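Below is one structure; the comments refer to it alone.
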Amino acid sequence: MAEKKVLLTGDRPTGKLHIGHYVGSLKTRVAMQNSGLYDPYIMVADKQAFTDNARNPEKIQNSLLEVVLDYLAVGIDPKKTTIFVQSAVPELSELTEYFLNLVSIARVQRNPTVKAEIQQKGFGESIPTGFFIYPVSQAADIALFKGQVVPVGDDQEPMLEQTRELVRTFNRYYNTDILVEPEGIFPPKGQGRIPGLDGNAKMSKSLNNAIYLSDDEDTLWEKVKSMYTDPTHVRVTDPGHVEGNMVFTYLDIFDEDKAQVADLKAQYQAGGLGDMKIKKYLFEVLNKELAPIRERRAHYAEDRDAVLQIVKEGSEKARVIGQQTMAEVRHAMGVDYW
Ligand code: ATP
Ligand code: MG
């Protein structure tokens, strides 16, 4: 049998995970984990979270467990997938430092995702240096584990490109082939960047516009009820617009019954279908998917120590791999003096 490919991906502990993460990345991870074709590693990127939350350590600390509970709830199985914490593998920082010498400031500046995030976060002239260079540290995360496949949302494409460049440069400068170029695995078209409830281009845990996997039924209904539809659709009989209408955007993504969605769209456009009706329908679709996740999450949340133990064991295993690769890196660079 062919050797299993190393799968590496992760999330920042900046809040609970949402349905954007679910379709954008988690679903694919679970399917890949269960295929038996991969050796999966999932990293909770706490150090990366500090790059724009340096003053908010409690948020990062609290989110760590929440994120791991979300993993377990969607079906990540710690017997098959190694879940670990970034800060528990200090070798990642060491490789980052060496990688920083292989890339120019101008190249780092060209990353469109980071550009958009800098705008969004309103850093102005005060961009934290760690934030500015986080794609380089992310490249080190992937490279240290020799990640071959990286299932992520569309916003991560520039990070993968940057990682491949850094790996190539490293291998060329130090005349080696120890580091591996990763391949990004992206969600099906239209599911790689789920928009926020507010119509913002991206649902994000830092933007307060998300439906969380852990939201209870009431919260889910409140969020769906408040969703942006079509301001010109005043009376039920008025013809409505489906483009830019968040309810239909979400139905397109989450409802597997495509014929039904097409039918509802036609009715809505013709007039005669009320906003409350389509919102109720969307609620049912989402709730059907989220109810079992919510139940499993509540089960795991009963024993938080057991969850922390999973992460501790995963981190110990990850550290060993990090140390092995770092020994190879130092050897390739000639910094293993004795
Ligand atoms: P933050 O606002 O703190 O950056 P985030 O919501 O962007 O949080 P990350 O931890 O940065 O979440 O991203 C984790 C993974 O989820 C990445 O693979 C990313 O591409 C994917 N992802 C994040 N938001 C979405 C979204 N709205 N739609 C699809 N995928 C997403
Ligand atoms: Mg993000």
Side-chain angles (χ1 to χ4, degrees), residues 7-30 32 40-57 59-64 66-68 70-71 74 76 83 85-86 111-123 128 130-132 134-135 137-139 141-142 147 149-163 182-215 223 246 249-250 252-254:
L7 180 158
L8 187 120
T9 187
D11 306 275
R12 295 152 35 97
T14 49
K16 298 174 176 187
L17 299 184
H18 53 65
I19 57 174
H21 298 117
Y22 185 60
V23 292
S25 175
L26 296 172
K27 251 180 147 168
T28 323
R29 293 182 205 179
V30 174
M32 291 175 87
Y41 291 81
I42 300 186
M43 183 183 81
V44 187
D46 60 339
K47 269 203 291 199
Q48 192 187 113
F50 271 99
T51 65
D52 57 336
N53 290 281
R55 289 197 195 182
N56 219 340
K59 174 165 131 186
I60 296 170
Q61 203 185 357
N62 296 334
S63 301
L64 170 70
E66 301 293 347
V67 167
V68 178
D70 287 325
Y71 291 161
V74 299
I76 298 291
I83 302 173
V85 186
Q86 190 179 28
N111 187 310
T113 299
V114 179
K115 268 191 195 157
E117 287 175 340
I118 286 170
Q119 283 284 326
Q120 224 171 45
K121 292 174 197 290
F123 284 139
F131 185 83
F132 180 69
Y134 90 72
S137 107
Q138 204 172 310
D141 300 336
I142 300 170
V149 288
V150 184
V152 279
D154 288 352
D155 61 328
Q156 297 301 309
E157 172 77 79
M159 315 310 181
L160 266 301
E161 193 52 51
Q162 177 79 85
T163 306
E183 175 198 348
I185 307 280
F186 299 97
K189 203 171 173 299
Q191 303 191 3
R193 193 171 312 199
I194 309 299
L197 287 170
D198 54 357
N200 186 300
K202 184 175 173 297
M203 183 177 282
S204 162
K205 30 183 155 60
S206 304
L207 295 176
N208 212 6
N209 60 2
I211 292 176
Y212 295 98
L213 295 174
S214 46
D215 281 346
K223 287 184 179 174
M246 295 311 289
T249 306
Y250 282 26
D252 276 335
I253 297 165
F254 290 97

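Start at 1 and go down the list; that is how both ligands and their atoms are numbered. On a predicted model such as this, the values are computed, not experimentally measured, just so you know.
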Worksheet item: Between Asp155 and ligand 1, does any nitrogen or oxygen pair lie at a separation below 3.5 Å?
Response: yes
Worksheet entry | Close N or O approach (His18, ligand 1; < 3.5 Å) | yes
Item to complete: Could you check atom 31 (C) of ligand 1 against the protein and tell me its nearest heavy-atom contact, residue, atom and distance included?
Response: Gly20 O, 3.9 Å
Worksheet item: Short question: side chain of Asp46, backbone of Gln61 - any donor-acceptor pair under 3.5 Å?
Response: no
Worksheet item: What are the two closest heavy atoms between Phe186 and Gln156, and how far apart are they?
Response: CE2-C, 4.5 Å
Worksheet, complete the sentence: Shortest non-hydrogen pair, Lys202 vs Asn209, comes out as O-ND2, 3.2 Å
Worksheet entry | Thr9, any N or O under 3.5 Å of ligand 1 N or O | no
Worksheet item: Nearest heavy-atom pair of Glu117 and Phe131: which atoms, and what distance?
Response: OE1-CZ, 3.7 Å
Worksheet item: Is Arg12 salt-bridged to Asp52, cutoff N-O under 4.0 Å?
Response: yes
Fill in: atom 4 (O) of ligand 1: nearest protein contact (heavy atom, Å)
Arg12 NE, 3.1 Å
Discussion item. To check your reading of the model: name the closest protein heavy atom to atom 3 (O) of ligand 1, its residue, and the distance in Å.
Written reply: Thr14 OG1, 2.7 Å
Worksheet item: What part of Arg193 sits under 4.0 Å from ligand 1 if we count only heavy atoms: the side chain, the backbone, both or neither?
Response: backbone
Fill in: Identity and distance of the protein heavy atom lying nearest atom 2 (O) of ligand 1
Ser204 OG, 2.5 Å
Worksheet item: Considering only protein heavy atoms, which is closest to atom 15 (C) of ligand 1, and at what distance to one decimal place?
Response: Asp11 OD1, 3.5 Å
Item to complete: Can you pull out the closest protein heavy atom to atom 1 (P) of ligand 1? Residue, atom name and distance to 0.1 Å, please.
Response: Ser206 OG, 3.3 Å
Worksheet entry | Heteroatom distance test (Lys205, ligand 1): nitrogen or oxygen, under 3.5 angstrom | yes
Worksheet item: From Arg29 CZ over to Asp11 CG, what is the distance, rounded to the nearest 0.5 angstrom?
Response: 4.0 Å
Practice prompt. Using a strict cut-off of 4.0 Å, indicate which atoms of ligand 1 neighbour a heavy atom of Gly24.
Written response: 29 (C), 30 (N)
Worksheet item: Nearest to atom 28 (N) of ligand 1 by heavy atom, Asn209, Leu207, Asn208, Ile194: which?
Response: Ile194
Fill in: Val152 N/O under 3.5 Å from ligand 1 N/O
no
Worksheet item: Of all the non-hydrogen atoms in the protein, which one sits nearest to atom 12 (O) of ligand 1, and at what distance?
Response: His21 NE2, 2.9 Å
Item to complete: Spell out, as yes or no, whether a donor-acceptor pair under 3.5 Å connects the side chain of Gln86 to the backbone of Lys47.
Response: yes
Practice prompt. Could you tell me whether the side chain of Tyr250 and the main chain of Pro195 form a donor-acceptor pair under 3.5 Å?
Written response: yes
Discussion item. Show the atoms of ligand 1 that are less than 4.0 angstrom away from any heavy atom in Met203.
Written reply: 24 (N), 25 (C), 26 (C), 27 (N)
Fill in: Gly153 N/O to ligand 1 N/O under 3.5 Å
yes
Worksheet item: Within the distance-only criterion (no hydrogens, no angle test), does the side chain of Asp215 pair as donor or acceptor with the backbone N or O of Ile211 below 3.5 angstrom?
Response: no
Fill in: Protein heavy atom at shortest distance from atom 24 (N) of ligand 1
Lys202 NZ, 3.1 Å
Worksheet entry | Least distance between heavy atoms, Ser25 atom then Thr9 atom | OG-OG1, 4.4 Å
Worksheet item: Does atom CG of Asp198 have more than 12 heavy-atom neighbours, drawn from other residues, nucleotides or ligands, at distances under 6.0 Å?
Response: yes
